[in-house]
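Numbers restart at 1 for each chain; the letters A, B, ... are given by sequence-line order, proteins then strands.
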Amino acid sequence: MIDPKLFRNNLNEVAANLARRGFALDKEKIENLEADRKSVQVKTEELQNQTKTLSKQIGELKAKGEDAQPVFDKVAELKKQREEAEHQLKEIQEQLTEIHLTTPNVIDESVPDGNDENDNVEIRKWGTPREFDFPVRDHIELGEMENGLDFSASAKLTGSRFVVMRNRMARLHRALIQFMLDVHGQEHGYQEVYVPYMVNRDSLLGTGQLPKFEEDLFAIKGSTQDNRPLYLIPTAEVPVTNLVRDEILEEKSLPLKFVAHTPCFRSEAGSYGKDVKGLIRQHQFEKVELVQIVEPENSMAALDELTGHAENILKLLGLPFRTVILCSGDITFGATKTYDLEVWLPGQQAYREISSCSNLGDFQARRMQARYRKDKKPTLVHTLNGSGLAVGRTLVALVENYQTAEGKIAIPEVLQPYLGGINEL
RNA sequence: GGUGAGAUGGCUGAGCGGUUGAAAGCGCACGCCUGGAAAGCGUGUAUACGUUAAUAGCGUAUCGAGGGUUCGAAUCCCUCUCUCACCGCCA
């Protein structure tokens, strides 16, 4: 969430910033609620103070064996008034909290204006798409060969947007995961973590998926005793970032850099016509995720670094890609700045998203109360995350870019150690 | 799944209805002492929110979470979560 103080002191600037996203902030409502909050809160606390003071007097009088009845009467008079004020305050605060939790983050000045993905700005490009001297197969065709991707099996087992992988596809997929974890863990300095694939509501509130995007999540009924469901994670960002929820970290422990491999589960509500075939958009997919917890002044540099780490995987695999900065209309809810990596897919003759790297600023940290001690004072950290990379899409890119005329897949050198040294599958 | 015991500040641990945001010890910070250090002595040491120019004062809330009883709750009642121990089952 945005600093609530900004709503009080800089409402117009916040509204103008959010308007760049196409988000209309209800300024009048906020102003009214804030004005009410202020007067009611002051009144409530004043009444609480009086009650507390009088109650203490009763204690003193009783200890001395004196008559406390007059004070009793006084406090009884206050009670109704106090409870009314408390109730009123609670309602106002609930409304404000609702606004705070559903308002997106403010965006960085360097984010370009725009309405949708068409207005994203390419900032660099790496590699050259390969020229093929034979008819190019897309990953679905390549998957059908050697029974690698079996969508009818997964449809039988579960439904659409799932996959069964076999043989070379399953092996390549697994090798990619190991490779990515090793590069980030051994070369980029991330601590490898293994985390739960189900999380509670507090975690999802912390990273911002809730309360606004419940329809994108899979909830597991009956998964806790008090009837609140757990949720399947839509990304490792949720469990990994929440590692620092409600923590006060030591300054010298920062930056924290985590890498985790997890499956991700997304309902893909509202994407009915999109990418219906193939591996691009699945309800369940694997991802290697990078998360950094940093001091505020370092977060923009950390974003560049983290993006570079994700890019490095593509470079090591020899997959052509471009890096775009998301425009104000395309950037996600909690991000203040985001770079997308788009990999070249010969089967589609297009660059497609394979990683999204974001600086969330203090947006998640404030929701999570994730802080560090800066000159003895608890200060909100900044959080970042990025895919390093989406494994399913990397598999698509790999097989399409490295296919041979015979429908074999050449194995990039860096991946060979993970496949017993072979150079073709 | 069963039975029992718990959950208090950075840690250990007291308190079980009244000036308790919370004893004591440890740790940590600063000061005194010292040639320097240790020991000793002294002082201080949670977080959020509000008010405010203020990380100064002052106020409110917080003793696993939520609800309740009460003039007043860390202390009593209810629900839930988690932890530990033993038994059962199990990858």
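- B:C63 and B:A54: their P atoms are spaced 29 Å apart (whole Å).
- Searching all strands for a Watson-Crick or G-U wobble partner of B:U69 with both distances below 3.5 Å returns nothing.
- With C1' as the reference atom, B:A73 and B:G21 are 14 Å apart, rounded to whole Å.
- At B:U52, one or more side-chain N or O atoms of A:Lys38 fall inside 4.0 Å of OP1 or OP2 (strictly under the cut-off).
- Applying the 4.0 Å criterion to OP1 and OP2 of B:G18, one finds that A:Lys56 has every side-chain N and O outside that range.
- The side chain of A:Arg8 lies closest to B:G50 when the candidates are B:U55, B:G50, B:C71.
- Comparing B:U69 with B:U55, their P atoms are spaced 37 Å from each other, to the whole Å.
- The separation between A:Lys5 atom NZ and B:U52 atom P is 12 Å, rounded to whole Å.
- The side chain of A:Lys52 lies closest to B:A61, out of B:U51, B:A61, B:U47.
- Separating the P atom of B:G6 from that of B:C76 is a span of 12 Å, rounded to the nearest Å.
- As rounded to the nearest Å, B:G9 and B:A61 have C1' atoms that lie 16 Å from one another.
- Side-chain atoms of A:Glu60 lie closest to B:U19 of the nucleotides B:G72, B:U19, B:G50.
- Taking 4.0 Å as the cut-off between side-chain N and carboxylate O, A:Arg201 and A:Glu214 count as a salt-bridged pair.
- Nearest to the side-chain atoms of A:Asn49 among the listed nucleotides B:A48, B:G50, B:U60 stands B:U60.
- Between the CG atom of A:Asp73 and the C1' atom of B:C71 there is a distance of 10 Å, given to the nearest Å.
- Here B:G27 sits opposite B:U45 as a Watson-Crick or G-U wobble pair (both hydrogen-bonding atom distances under 3.5 Å).
- Taking 4.5 Å as the limit, some side-chain heavy atom of A:Arg21 sits within range of a side-chain heavy atom of A:Asn105.
- Residue-to-nucleotide contacts include a donor-acceptor pair under 3.5 Å from the side chain of A:Lys62 to the base of B:G18.
- Rounded to the nearest Å, the gap between the P atom of B:U43 and that of B:G35 is 25 Å.
- The separation between A:Leu54 atom CG and B:G59 atom C1' is 16 Å, rounded to whole Å.
- Side-chain proximity of A:Pro378 to the nucleotides B:U60, B:G50, B:U47 is greatest for B:U47.
- Checking B:U34 for Watson-Crick or G-U wobble geometry (two distances, each under 3.5 Å) identifies no partner in any strand.
- Residues A:Tyr190 and A:Gln292 bring a donor and an acceptor atom of their side chains to less than 3.5 Å of each other.
- Considering only the side chain of A:Gln41, B:C49 comes nearest among B:A48, B:C49, B:U60.
- The side-chain heavy atoms of A:Phe363 and A:Thr336, taken from C-beta on, include no pair separated by under 4.5 Å.
- The distance between atom CD of A:Glu83 and atom C1' of B:C71, rounded to the nearest whole Å, is 11 Å.
- Here B:A39 sits opposite no nucleotide as a Watson-Crick or G-U wobble pair (both hydrogen-bonding atom distances under 3.5 Å).
- Nearest-nucleotide mapping onto RNA chain B: of A:Gln369 and A:Gly59, the residue sitting toward the 5' end is A:Gly59.
- Below 30°, between 30° and 60°, or above 60°: for A:His188 and A:His309 the angle between ring planes is below 30°, a parallel geometry.
- Of all non-hydrogen atoms in A:Met145 and A:Gly407, the two that sit nearest each other are CE-CA, 3.6 Å.
- Protein atom OH of A:Tyr372 is 19 Å distant from nucleotide atom C1' of B:A46, rounded to whole Å.
- Using the Watson-Crick or G-U wobble rule with both distances under 3.5 Å, B:U51 pairs with B:G57.
- Counting non-hydrogen atoms of neighbouring residues, nucleotides and ligands closer than 6.0 angstrom, the CD atom of A:Glu297 exceeds 12 such neighbours.
- Distance noted for atom C1' between B:G13 and B:G72: 27 Å (whole Å).
- Nucleotide B:U20 is matched to nothing when pairs are restricted to Watson-Crick or G-U wobble geometry with both distances under 3.5 angstrom.
- Taking atom CD of A:Gln48 as the reference point, atom C1' of B:G50 lies 11 Å away to the nearest angstrom.
- Between the NZ atom of A:Lys374 and the C1' atom of B:U55 there is a distance of 14 Å, rounded to whole Å.
- Take the nearest nucleotide of RNA chain B for A:Glu34 and for A:Ile58: the residue whose nucleotide is more 5' is A:Glu34.
- Here A:Arg37 does not reach the OP1 or OP2 of B:C49: none of its side-chain N or O atoms lies under 4.0 Å away.
- Rounded to a whole Å, the NZ atom of A:Lys377 is 15 Å from the P atom of B:A46.
- Partner assigned to B:C89 is none, using Watson-Crick or G-U wobble distances below 3.5 angstrom.
- Across every strand in view, B:G64 sits in a pair with B:C80 that passes the Watson-Crick or G-U test at under 3.5 angstrom.
- Residue contacts for A:Arg373: at a heavy-atom cut-off of 4.0 Å it reaches the sugar-phosphate backbone alone, with no base atom in range.
- For the P atoms, the distance linking B:A38 with B:U62 amounts to 41 Å, nearest Å.
- Between A:His100 and A:Phe7, the ring planes are parallel. Angles under 30° get that label, and only those over 60° would be called perpendicular.
- Residue-level contact check: A:Glu46 touches neither bases nor backbone, having no heavy atom under 4.0 Å from any strand.
- The side chain of A:Lys79 lies closest to B:G72 when the candidates are B:U47, B:G72, B:G50.
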